[in-house]
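Working notes for the structure below.
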Amino acid sequence: MTKRTGIFVGSFNPFTVGHDSIVRRALPLFDRLVIGVVGDQVHKPDMPNAEERIKAIADLYQDEPAIEVKPYYGLAVDFARAENAHFIVKGVRSVKDFEYEREQADVNRSLSGIETILLYAEPQLSSISSTMVRELQHFGVDVSAFLPKRELISNE
């Protein structure tokens, strides 16, 4: 029997409670969910290397056997093919996100036949982004409320 596999990809710099919400809500849809962390070919200022980001995310889900965390390089559809995934999971916070993701989904489907599943952000999380968290960190603000904690994840 073929496993129903989805991928959830991003730079995850950092991985936020919004990302965690998408993972938790997507997990029941799949037998296997692979979180693909953009590899080190993307050069953004102050971005931790892929290995650090992968380890941090993998630690969060260490008790969830259906979740794997891996680096990926290149196109998401190529990563999906390599993982035998037929679905790409994306989170959407706003109309702006929706338009961008809809265009990406159309291109990905035409290139590969791989479908994109859009999950809308929970209302209380719709303003949280990695960019916002990095900006707050830059100014010395405690951002712990915006970052998932393993004990909260494993108890849900």
Side-chain angles (χ1 to χ4, degrees), residues 3 5-27 29-94 96-97 100-101 103-105 107-108 111-112 114 116-119 121-122 125-156:
K3 282 190 171 186
T5 300
I7 63 167
F8 179 46
V9 296
S11 59
F12 304 123
N13 178 33
F15 192 83
T16 69
V17 292
H19 295 127
D20 174 57
S21 170
I22 298 298
V23 168
R24 285 185 294 102
R25 291 167 46 220
L27 193 56
L29 303 174
F30 304 102
D31 301 308
R32 179 173 166 254
L33 182 63
V34 182
I35 300 173
V37 178
V38 171
D40 291 331
Q41 84 281 13
V42 174
H43 298 289
K44 293 183 178 179
D46 302 322
M47 183 156 84
N49 68 41
E51 188 175 292
E52 290 175 58
R53 289 175 284 134
I54 290 166
K55 182 180 180 338
I57 297 166
D59 286 350
L60 288 171
Y61 300 110
Q62 67 184 6
D63 296 328
E64 180 49 69
I67 295 176
E68 297 174 34
V69 185
K70 299 180 175 185
Y72 91 96
Y73 305 91
L75 297 176
V77 292
D78 292 336
F79 181 65
R81 280 191 203 113
E83 294 299 324
N84 295 314
H86 293 98
F87 302 95
I88 298 171
V89 176
K90 300 294 277 193
V92 177
R93 294 172 303 207
S94 66
K96 180 177 150 186
D97 284 355
Y100 175 80
E101 296 300 347
E103 290 171 2
Q104 292 296 307
V107 170
N108 287 338
L111 288 174
S112 66
I114 294 172
T116 299
I117 297 173
L118 300 178
L119 294 178
E122 295 177 81
L125 302 176
S126 64
S127 295
I128 298 172
S129 69
S130 293
T131 302
M132 180 269 301
V133 171
R134 286 192 313 274
E135 181 83 6
L136 292 173
Q137 282 176 319
H138 174 77
F139 289 103
V141 174
D142 176 9
V143 296
S144 59
F146 305 115
L147 304 175
K149 294 162 190 61
R150 196 174 102 61
E151 60 273 6
L152 295 177
I153 293 168
S154 60
N155 289 333
E156 292 181 1

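Only a predicted model underlies this, so the values are computations on that prediction, with no experimental measurement involved.
The shortest heavy-atom contact between Gly39 and Ala50 is CA-CB, 3.9 Å. A pairwise comparison of heavy atoms in Ala85 and Ile114 identifies O-CD1, 4.0 Å as the closest pair. Summarising the geometry of Ala76 relative to Ile7, their closest heavy-atom pair is O-CD1, 3.5 Å, with the distance given to 0.1 Å. The minimum heavy-atom distance linking Pro14 with Ser130 is given by the pair O-OG, 2.6 Å. Heavy atoms only, all atoms of each residue included: Val17 and Ala145 are closest at CG1-O, 3.9 Å. Nearest heavy-atom pair across Glu101 and Gly91 is CG-O, 4.5 Å.
Ring geometry for Phe15 versus Tyr61: interplanar angle over 60°, hence perpendicular rather than tilted (30 to 60°).
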Item to check | From CA spacing to verdict: side-chain contact (heavy atoms from CB on, under 4.5 Å), Tyr100, Gln104 | outcome: CA-CA 6 Å; Tyr100 175 80; Gln104 292 296 307; 3.8 Å; yes

Next on the checklist: Between Val34 and Tyr72, is the side-chain contact (heavy atoms from CB on, under 4.5 Å) condition met? List the steps.
Outcome noted: CA-CA 10 Å; Val34 182; Tyr72 91 96; over 6 Å; no

Item to check | Pair Phe87-Leu29, side-chain contact (heavy atoms from CB on, under 4.5 Å): steps then yes or no | outcome: CA-CA 10 Å; Phe87 302 95; Leu29 303 174; over 6 Å; no

Next on the checklist: side-chain contact (heavy atoms from CB on, under 4.5 Å) for Lys90 and Ile22? Distances and angles first, verdict last.
Outcome noted: CA-CA 8 Å; Lys90 300 294 277 193; Ile22 298 298; over 6 Å; no

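Each of Ile54, Leu60, Ile67 was scored for a side chain to side chain contact (heavy atoms under 4.5 Å, CB included) with Ile35, with one residue passing: Ile67.
Note: Met132 CE to Thr16 OG1 = 7.5 Å, rounded to the nearest 0.5 Å. One finds the CD1 atom of Ile128 at 10.5 Å from the NE2 atom of His19 (value rounded to the nearest 0.5 Å). Between atom CZ of residue Phe8 and atom CG of residue Leu119 there is a gap of 8.5 Å, rounded to the nearest 0.5 Å. Separating the CG atom in Asn13 from the CZ atom in Arg53 is a distance of 6.0 Å, to the nearest 0.5 Å. Rounding to the nearest 0.5 Å places CD1 of Ile117 at 10.0 Å from CD1 of Ile88. From Ser129, atom OG reaches atom CZ of Arg93 across 5.0 Å, with rounding to the nearest 0.5 Å.
No side-chain donor from either of Glu83 and Thr5 sits under 3.5 Å from a side-chain acceptor of the other.
Among residues two or more places apart in sequence or in another chain, the salt bridge (charged side-chain N to carboxylate O under 4.0 Å, His left out) test is passed with Arg25 by none. With sequence neighbours excluded, the residues that form a side chain to side chain donor-acceptor pair (under 3.5 Å) with Asn49 are Glu52.
Under the 4.5 Å side-chain criterion, counting only non-hydrogen atoms from C-beta, Asn108 is not in contact with Leu75.
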